[in-house]
Amino acid sequence: MVKRDPAQGIRDVQHFGEEGGVVPVIDHAVTSTFLKPDDMERVFRGELTGCYLYSRHSNPTVMAFGKKLAAMEGMPAAFGVASGMAAIHSAVMQIMLGGGHMVSSRTIYGGTWALFQNILPKFSVQTTFVDPQNLQEWEAAIRPDTRLLYVETLSNPLLGAADLKALGVLAKKHGLQFVVDNTFTPVLISPAEFGADVVVYSCTKYISGSSDLIAGAIVGSEEFIAGLMDVNQGLVMLQGPVMDPRVAYELYSRLDHLPLRMRAHSEAAQILAERLTQEGVLNLSYPGLSNHPQHSLLQSMLNKGYGFGGMLTLDLGSLEKALHLARRLQEEKFGLFAVSLGFTRTLMSCPSASTSSEIPVEEQLQMGLTPGLLRLSIGLVGDPHVMADRFIRCYREIESI
Ligand code: PLP
């Protein structure tokens, strides 16, 4: 079967601006005029759909971004929201309204873990966390009141790849909704191909690419996305974490070069990972290396030509050593010590002491997250070989400590 190319999906969406402009206008209007006043009541009653009403319900620029993202993803519809957390919370709770049980991978972003562990139980939603690689554990955790399976395609921060196909089959077998956070692998992997019902993104990361805005998106069926905007039952409409049209315009434009950027991130990370391997750097994890435990699985899921992504980890054995290396790398202008990822420049952080610190230490160790783990989001600016030279020089210095 010929794989669908997400870049072509993006290419085939075109919104004209006023007077045929090559880009859409930013529609700032908070509220829209009804030329036939009787229609307003019909919209509120749910009898008339597809109308612009009020910007918390729908906005033309946000809808244009959603259309382009959905085309990239190969799914029917998408909706922009205020952050990645807003996307996860709204999508999960729209399915879990009324309470019940869900099964989630244990190795997920710390904020998502804390949402599922600390907040959702207060809304009668219980989560069982499982080893993402152990299918028996997933199936054994399913209960009569389970409604949803949740996973990150490539996990934050451990870079374990989920077997989306097997999980998609499991979800269908038990009549569950399958929600996938694809934040680390936009364009590289299209989770809908493997049975995902809903895909969520932190657009703050690769989709923005510039670390200058916070945003999220939910991709799914027409019905699911319309449900989020329902005036009586929609969690985005009623909780209100909507995307600003100015942000939607930025993301709409940036989607055009997302495939090129993903390819460049992957190339730079692959070069660094191979150079470090040749230099005998130990405890390096990169999905594009054949020693990555899910290298072949990933190969079977990847869209052609975009590589294995820009994320790489290195275990230095202790937090002190990891921080020391990060400091030297920052001094040598290899990267910036900052949380987040998907930026044009390399970003480095120690997840156990930052973005995964919400997860108790025992749980961190259970999932294999050690204090000395340094997470690198490899940037696309500069010659990757020069960057690799800098890295190796700093690594050799701290080896002797
Ligand atoms: N999902 C993943 C995998 C993340 O890494 C993050 C943030 O780091 C989020 C979701 C949350 O995104 P945001 O910061 O845009 O709310």
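Computed from a prediction, not measured in an experiment: that's the story for all the values here. Numbering of ligands and ligand atoms starts at 1, following listing order.
- Heavy atoms of other residues, nucleotides or ligands lying less than 6.0 angstrom from CD of E331 number more than 12.
- Atom 16 (O) of ligand 1 has its closest protein heavy atom at M85 N, 2.9 Å.
- Without hydrogens or angle criteria, R261 side chain to R254 main chain gives a donor-acceptor distance under 3.5 Å.
- Comparing T153, D181, I88, L154 by heavy-atom distance to atom 3 (C) of ligand 1, the nearest is D181.
- A side-chain contact (heavy atoms from CB on, under 4.5 Å) with L316 holds for exactly one of L373, L325, L282; it is L325.
- Nearest non-hydrogen protein atom to atom 13 (P) of ligand 1 is G84 N, 3.4 Å.
- Residue L213 comes nearest to E250 through the heavy atom pair CD2-CB, 4.0 Å, listed as atom of the first residue, atom of the second, then distance.
- If you check which protein heavy atom lies closest to atom 4 (C) of ligand 1, you get Y109 CG, 3.7 Å.
- The main-chain N or O of S352 is never found under 3.5 Å from a side-chain atom of S356 such that the two would form a donor-acceptor pair.
- At the top of the distance list for atom 8 (O) of ligand 1, counting protein heavy atoms only, stands K205 NZ, 2.9 Å.
- Residue contact check: T204 has heavy atoms under 4.0 Å from atoms 13 (P), 15 (O) of ligand 1.
- Salt bridge status for R263 with E267: absent, with no side-chain N to carboxylate O gap under 4.0 Å.
- Distances between N or O atoms of S202 and those of ligand 1 include at least one value under 3.5 Å.
- If you look at C203 next to ligand 1, there are no close heavy atoms at all, none under 4.0 Å.
- The backbone N or O of C350 sits less than 3.5 Å from a side-chain atom of S354, completing a donor-acceptor pair.
- Protein heavy atom at the shortest distance from atom 5 (O) of ligand 1 is N156 ND2, 2.9 Å.
- Counting atoms of ligand 1 from 1 in the listed order, those under 4.0 Å from a heavy atom of A215 are 15 (O).
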Q: Please report the C-alpha distance between Y52 and N59 in whole Å, then the side-chain angles of each, then the deciding distance to 0.1 Å, and finally whether the side chain to side chain contact (heavy atoms under 4.5 Å, CB included) criterion is met.
A: CA-CA 7 Å; Y52 293 110; N59 169 281; 5.8 Å; no
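- For ligand 1, the atoms lying closer than 4.0 Å to a non-hydrogen atom of E152 are 3 (C).
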